[in-house]
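I have placed the structure first, in the form of structure tokens, so that the comments after it can refer back to it.
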Amino acid sequence: MPDEEPPSSTPDLEDDDEEFEEIEFVPVRAKLSVAIGGFAALLAAALILGTLTTGPDVRMPYAVVLSGIQLLGLFAWTMALNPPASAATAAVVGVAGLAGCYLAATADEAGLKPLLYVTVAGFVGAMAGQAIRARDRQRISDSWRTTLLIVIGVVAYAIPITLSRQSLGSQAILVCCTGAGLAVLVARLTDAVFPQPRIAAQVPRGGVGIVLGAMVGTFATAWLGSQLVLPFTPAKGAVIGLISAVAALLIDLAVNFGEAGRRLAGEAPTFWLARHMTGPLGGFALTFVAAYALVHFYLA
């Protein structure tokens with residue numbers, strides 16, 4: 001009986017090779033990291049300057065500036081999250097954001113209640129717009145969370161107006177925006193020079209930048225706490241700065257992971273301008289929510 005020839009290839013090994021695909025390694029673009037960090041720093045400076053220069057008779061100019069930032073955020077988040085009926089959703093949320101800024105500047109009492117009403121109305125209106133067409137209704141059960149995030153993010157940019165009308169609000173915005181802006185700036189500049197150790201092969205971010213950004217933001221706000229009047233102290237400034245820095249960095253990093261997920265899923269990437277603005281804009285939106293909570297539950 002002639003010897004059987006060994007098979008030229010083993011099917012099991014071929015199947016194993018097909019299961020393990022090569023992991024894409026995304027390089028860090030130094031100039032892009034510097035540009036995103038610079039955008040975060042400019043945004044922080046504009047927010048701080050607007051908060052410190054606003055007053056009882058000059059609230060509307062600051063509201064107009066914040067409305068422009070709201071529109072930038074709305075554009076970026078709508079492109080990135082891609083909710084159903086994007087045009088209708090963006091229109092409804094844009095009106096809700098403008099109404100939030102107007103009510104925050106003109107309300108008799110400086111509180112969060114008008115912004116909560118606007119948020120609920122904007123969310124309900126956006127969901128109603130998404131329920132008009134059948135193909136959009138099919139996605140509502142999966143997309144209502146992203147729609148709610150867009151509404152909250154846009155309306156959150158009216159919180160600085162409300163805080164500027166309260167006794168500790170302007171100083172809290174100064175500390176929070178300083179911590180968040182420095183954290184993102186330092187993290188992005190560090191990534192441009194030394195993006196190590198990599199968070200993930202598909203995510204062009206380094207761990208050193210994240211840690212260094214949080215440390216610099218906390219140190220700067222601790223110094224600010226020593227310069228401001230009571231109840232601010234170096235310790236309270238450091239706590240507020242750390243929370244703001246971590247909030248901004250987490251949102252900025254989450255955007256990078258979201259884009260990596262889109263690439264792995266084979267989806268089309270977000271428009272480049274919206275993709276690069278989403279992190280800083282979302283980070284400051286969360287910072288404002290944290291600032292309001294800190295003023296009323298930590299500093300008060």
Mind listing the closest non-hydrogen atom pair of Pro27 and Pro204 along with its distance?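 In this case the closest contact between Pro27 and Pro204 is O-CB, 3.7 Å.
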
Between [X] and [Y], is there a donor-acceptor pair closer than 3.5 Å when you use the side chain of the first and the backbone of the second?
{"X": "Thr178", "Y": "Leu174", "value": "yes"}
{"X": "Arg198", "Y": "Val203", "value": "yes"}
{"X": "Gln166", "Y": "Ala110", "value": "yes"}

Can you find a pair of side-chain heavy atoms, one from [X] and one from [Y], that are under 4.5 Å apart?
{"X": "Pro195", "Y": "Arg205", "value": "no"}
{"X": "Leu47", "Y": "Val65", "value": "no"}
{"X": "Phe39", "Y": "Leu281", "value": "yes"}
{"X": "Arg139", "Y": "Asn82", "value": "yes"}
{"X": "Phe232", "Y": "Gln227", "value": "no"}

For the [atom1] atom of [X] and the [atom2] atom of [Y], what is their distance to the nearest 0.5 Å?
{"X": "Leu163", "Y": "Cys176", "atom1": "CG", "atom2": "SG", "result": "8.5 Å"}
{"X": "Cys177", "Y": "Phe288", "atom1": "SG", "atom2": "CZ", "result": "4.5 Å"}
{"X": "Leu189", "Y": "Ile36", "atom1": "CG", "atom2": "CD1", "result": "11.0 Å"}
{"X": "Trp77", "Y": "Ile150", "atom1": "CH2", "atom2": "CD1", "result": "9.0 Å"}
{"X": "Ser170", "Y": "Ile48", "atom1": "OG", "atom2": "CD1", "result": "11.5 Å"}
{"X": "Leu228", "Y": "Lys236", "atom1": "CG", "atom2": "NZ", "result": "12.5 Å"}

Qualifying salt bridge (charged side-chain N to carboxylate O under 4.0 Å, His left out) pairs with a residue from residues 280-298, counting only residues at least two apart or across chains: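 Qualifying pairs, neighbours excluded: none.
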
Given Thr51 and Tyr62, is the side chain to side chain donor-acceptor pair (under 3.5 Å) satisfied, shown in steps? CA-CA 8 Å; Thr51 302; Tyr62 189 35; 2.7 Å; yes

